[in-house]
Amino acid sequence: LLAKKFIGPLQGFKNRFGKDFEAALEIDAKGKVAFVFPKSPEQEQALEAVNDPAHILCPCPVCAAAGQQSNIYDTPAGYTCEVHLRGEATAAAAKKCKPKASLPRVMCGREIDRTTALKFFTEGDTGLIKGMKSKKGRTFDANLLLNLKGKWLTEFKFAPREKAPGGPKKRPFGKKLAKKAAVEQA
């Protein structure tokens with residue numbers, strides 16, 4: 001470990017819950033020992049996409065707003081900034097790319113194609129996407145908006161709903177509101 005600054009993967013480590021895990025050990029530039037975990041097949045495919053210039057979608061708008069240059073890449077899981085794909089999450093570059101510039105390939109049950117993702121990252125709005133599904137299974141239509149200043153990169157702008165046909169009007173809750181509504185109707 002001291003000579004090569006890297007050893008492993010080693011087995012027999014236990015996490016705080018008592019579960020066994022496997023990792024390599026690495027000594028960083030500051031002399032601290034850190035775990036290095038094996039990459040998943042999805043992470044390997046994402047790294048392959050970063051190494052191929054054909055997968056570049058557009059410049060990263062979050063990094064551009066922070067004054068640095070990086071690109072959004074088309075990966076099997078979605079569209080993500082190269083700063084996060086290369087594993088530079090601990091570097092100062094990743095701190096500037098906040099919120100994390102990423103858009104999943106499938107969002108609310110709808111596939112986000114390359115042209116829609118390009119429109120999202122360059123114009124800040126996807127246009128109306130019809131047939132999205134909520135967690136409860138209800139369908140809705142919405143635009144995806146790019147939010148560079150918030151905690152989350154993606155915001156929904158919902159299409160206006162039609163009023164429900166017929167049905168009784170709800171009475172206001174409380175005596176004061178009921179009296180006020182009765183006065184307004186008269």
Side-chain angles (χ1 to χ4, degrees), residues 15-16 28-30 34-165 170 172-173:
N15 68 11
R16 63 184 175 157
D28 64 8
K30 294 180 182 177
F35 288 114
V36 178
F37 297 98
K39 293 188 178 359
S40 68
E42 293 83 18
Q43 291 172 323
E44 291 291 338
Q45 289 175 339
L47 281 174
E48 289 174 13
V50 171
N51 295 329
D52 185 3
H55 289 280
I56 294 175
L57 183 69
C58 63
C60 177
V62 178
C63 291
Q68 71 183 52
Q69 247 183 340
S70 63
N71 293 312
I72 299 290
Y73 280 85
D74 182 356
T75 67
Y79 309 94
T80 308
C81 177
E82 69 180 300
V83 170
H84 298 285
L85 289 174
R86 292 186 191 276
E88 299 167 12
T90 57
K95 290 179 183 173
K96 291 181 181 177
C97 192
K98 291 248 182 202
K100 182 180 176 181
S102 179
L103 184 68
R105 189 166 299 281
V106 177
M107 185 170 213
C108 297
R110 289 293 310 233
E111 185 165 338
I112 308 294
D113 62 2
R114 189 177 171 94
T115 56
T116 305
L118 181 63
K119 195 173 177 186
F120 173 75
F121 285 113
T122 56
E123 298 174 18
D125 188 352
T126 60
L128 189 66
I129 300 175
K130 294 187 176 234
M132 298 179 98
K133 287 194 177 182
S134 70
K135 290 179 184 177
K136 293 184 177 182
R138 297 182 187 141
T139 59
F140 64 94
D141 302 335
N143 294 29
L144 296 179
L145 302 176
L146 182 70
N147 179 15
L148 296 176
K149 297 189 192 291
K151 185 177 178 182
W152 304 104
L153 184 72
T154 308
E155 284 186 357
F156 291 97
K157 179 182 171 190
F158 296 99
R161 293 185 183 184
E162 296 177 14
K163 294 199 175 202
K170 291 186 178 178
F173 183 72

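Residues: numbered from 1 along the sequence shown. As the structure is a prediction and not an experimental result, all values here were calculated from the model.
- Every side chain to side chain contact (heavy atoms under 4.5 Å, CB included) that Lys130 has, sequence neighbours left out, goes to Leu128, Asp141.
- Atom CD1 of Ile56 sits about 10.5 Å away from atom OG of Ser70, to the nearest 0.5 Å.
- Between the OG1 atom of Thr139 and the NZ atom of Lys133 there is a distance of 7.5 Å, given to the nearest 0.5 Å.
- Closest approach of Leu57 to Ala117, counting heavy atoms only: CD2-CB, 3.9 Å.
- Counting only heavy atoms from C-beta outward, the side chains of Cys63 and Val83 approach each other to under 4.5 Å.
- Residues meeting the side chain to side chain contact (heavy atoms under 4.5 Å, CB included) test with Lys157, sequence neighbours left out: Asn143, Leu145.
- Under the side-chain hydrogen bond (donor to acceptor under 3.5 Å, both in side chains) criterion, the residue pairs touching residues 108-123 are Asp74-Arg114, Asp113-Thr115, Asp113-Thr116, with sequence neighbours excluded.
- Residues meeting the side chain to side chain contact (heavy atoms under 4.5 Å, CB included) test with Thr154, sequence neighbours left out: Leu103, Met107, Phe120, Leu144.
- If you take CG on Asn71 and SG on Cys58, they are separated by 7.5 Å, rounding to the nearest 0.5 Å.
- Between Ser102 and Leu153, the shortest heavy-atom distance links the atoms N-CD2, 3.6 Å.
- Shown here are the side chain to side chain contact (heavy atoms under 4.5 Å, CB included) partners of Phe140, two or more places apart in sequence or in another chain: Cys108, Met132, Ser134, Ala142, Phe156, Phe158.
- Applying the side-chain hydrogen bond (donor to acceptor under 3.5 Å, both in side chains) criterion to Tyr73, with sequence neighbours excluded, gives no partner residue.
- With values rounded to the nearest 0.5 angstrom, Ile72 atom CD1 is found 4.0 Å from Phe121 atom CZ.
- Residues Val62 and Ala101 approach most closely at CG2-CB, 3.9 Å, considering heavy atoms.
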